[in-house]
2 protein chains.
Amino acid sequence: MARTAGSHSDITGPRVRAAALKLFARQGFAAVSMREIAREVGVQAGALYNYTADKQSLLFDLMQSHLDSLLAAFEDDPTAAPEARLRQFVQFHIRFHHDRPDAVFIAYMELRNLTPENFARIEALRRRYEDRLETILKAGVAEGSFAVTDTKIATMAVIAMLTGVSTWFRSAGRLSLDEVQEQYWQMVRKAVSAPAIHHVS
Amino acid sequence: MARTAGSHSDITGPRVRAAALKLFARQGFAAVSMREIAREVGVQAGALYNYTADKQSLLFDLMQSHLDSLLAAFEDDPTAAPEARLRQFVQFHIRFHHDRPDAVFIAYMELRNLTPENFARIEALRRRYEDRLETILKAGVAEGSFAVTDTKIATMAVIAMLTGVSTWFRSAGRLSLDEVQEQYWQMVRKAVSAPAIHHVS
DNA sequence: GTCTATATTTTGATAGAC
DNA sequence: GTCTATCAAAATATAGAC
């Protein structure tokens, strides 16, 4: 049935966000028109402005929601061993990003299209997440189980490596996500670990 | 002095490419208009079409040139030890990408904006580069100095890690590029190396 | 809350003068 | 080889009817 003037739907707001997420991820923010988003939702373009002030706010809200849920979802246990905490981070990061490919893509590709004010707010959230990892690396260095010259560099290196999974991993491929998680964990573990001390018997 | 009709310049072609490179990297392909490129060059929009068939060709040419020079610049010595070859790759990749931030950015961010045919050609070039690294990893696994479960995964992990340098490294920062190269090399080396065999004396 | 209609800009690309 | 002028299409956002 065709949608007509006066129709209502309490879930149009979320559907606008879902349509924008999908289209921004697929074509890029600048290449998507408000009319395309409206068509995906099933309304006319003018109706979108009941749910967003403008196109920029739509982008910002999607990024902010993504980073908010990223920060909320990662659970770290400061009393656990650094190696166990790092393993948890690696597995969490891969899994969380794998479950939200569109949001991840937008969060990394559309930073340029944020206004300076919105960019600063998103970057602050991203830094908070990076700090969670760096805290773990610092703990490992402090107790001697990790050996990295600079924890900030190691943080960026690990996150870049893990996030890169989304550029090539496909569920239909030859490897399961569990296998991928395990292999990345082994590489990360070796990359940051101190050489074991071998006692001569 | 204002440019007038009939002015000539034999280097307008390269300047069009340079302007497009800069603007595409800064704002994204879809957000840059032909008029903006023309303004950056100092000509009118119509004049651009003496140097490119259309906007898409401009993007494709920039990506292809970048990957061609990447492939031409990396020198690998198949007779050297795998660890030495890998070290050379790591240092080369970081340096080469650091020297061309705009081209790197475009090559990774604008794949969506290529036509399917152009996308396939660019992806083929990228895969050739990845294969250069995988060849090194396979050699190391074959001789026992490297221990990675899957060389394809390790290839993607290493390249993602190294390319990520461009997202945070600034020459004016507290670290020199030499220091960054050395620390990434240590992490990559440890990540792929087989544990040393410790002889009991 | 959604529609239709529209204002105002801007876009990629082309034609023809010089 | 570059200019000016222009076409046809598409963009964001708003106004007002229902």
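Order of the sequence lines sets the chain letters (A, B, ...), proteins ahead of strands, with each chain counted from 1. Computed from a prediction, not measured in an experiment: that's the story for all the values here. FYI, side chains are in, hydrogens and waters are out, and symmetry mates aren't considered; it's all heavy atoms of this structure.
With contacts defined as side-chain heavy-atom distances shorter than 4.5 Å, the pair Gln44(B)/Arg39(B) does not qualify.
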- Evaluate side chain to side chain contact (heavy atoms under 4.5 Å, CB included) for His66(A) paired with Ile106(A), printing each intermediate quantity in order. CA-CA 9 Å; His66(A) 170 65; Ile106(A) 290 170; over 6 Å; no

- Residue pair Phe89(B), Tyr129(B): steps toward the ring-ring contact (aromatic ring centres under 6.0 Å, His included) verdict: CA-CA 11 Å; Phe89(B) 180 90; Tyr129(B) 182 65; 5.4 Å; yes

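dT9(C) atom C1' lies 14 Å from atom CD of Glu36(B), rounded to whole Å. Rounded to whole Å, the distance from CZ on Arg39(A) to C1' on dC3(C) is 17 Å. Atom CD in Gln56(A) sits about 18 Å away from atom P in dA11(D), given to the nearest Å. Computed from coordinates, the Gln27(B) CD to dT11(C) C1' distance equals 14 Å when rounded to whole Å. With rounding to whole Å, Asn113(B) atom CG is found 16 Å from dT11(C) atom P. In this structure, CD1 of Ile37(B) is placed 10 Å from P of dA13(C), rounded to the nearest angstrom. Following rounding to the nearest Å, Lys55(A) (NZ) and dA11(D) (P) show an atom-to-atom distance of 9 Å. Atom OH in Tyr49(A) sits about 14 Å away from atom C1' in dA15(D), given to the nearest Å.
Of the candidate nucleotides dT2(C), dA13(D), dA13(C), dA13(D) has the atom lying nearest to any side-chain atom of Asp54(A). When distances are taken from the side chain of Asn50(B) to each of dT6(D), dG1(C), dG1(D), the shortest belongs to dG1(D). In the set dC3(C), dT14(C), dA13(D), dC3(C) carries the atom at the smallest distance from any side-chain atom of Ala47(A).
Look at Glu40(A) and Arg15(A) and you find no salt bridge, because none of the NZ, NE, NH1 or NH2 atoms lies under 4.0 Å from a carboxylate O.
Close to dA11(D), at under 4.0 Å from its OP1 or OP2, lies a side-chain N or O of Ser33(A). Neither OP1 nor OP2 of dT2(C) sits under 4.0 Å from any side-chain N or O of Gln44(A). A close approach under 4.0 Å does occur between a side-chain nitrogen or oxygen of Tyr51(B) and OP1 or OP2 of dT2(D). Residue Thr12(B) places at least one side-chain N or O under 4.0 Å from the OP1 or OP2 atom of dT2(D).
The nearest heavy atom of DNA chain D to Ala45(A) and to Ala31(A) marks one nucleotide each, and the one closer to the 5' end goes with Ala31(A).
Seen from the ring of Phe105(A), Arg112(B) does not count as a face-on cation partner, given the 6.0 Å and 45° thresholds.
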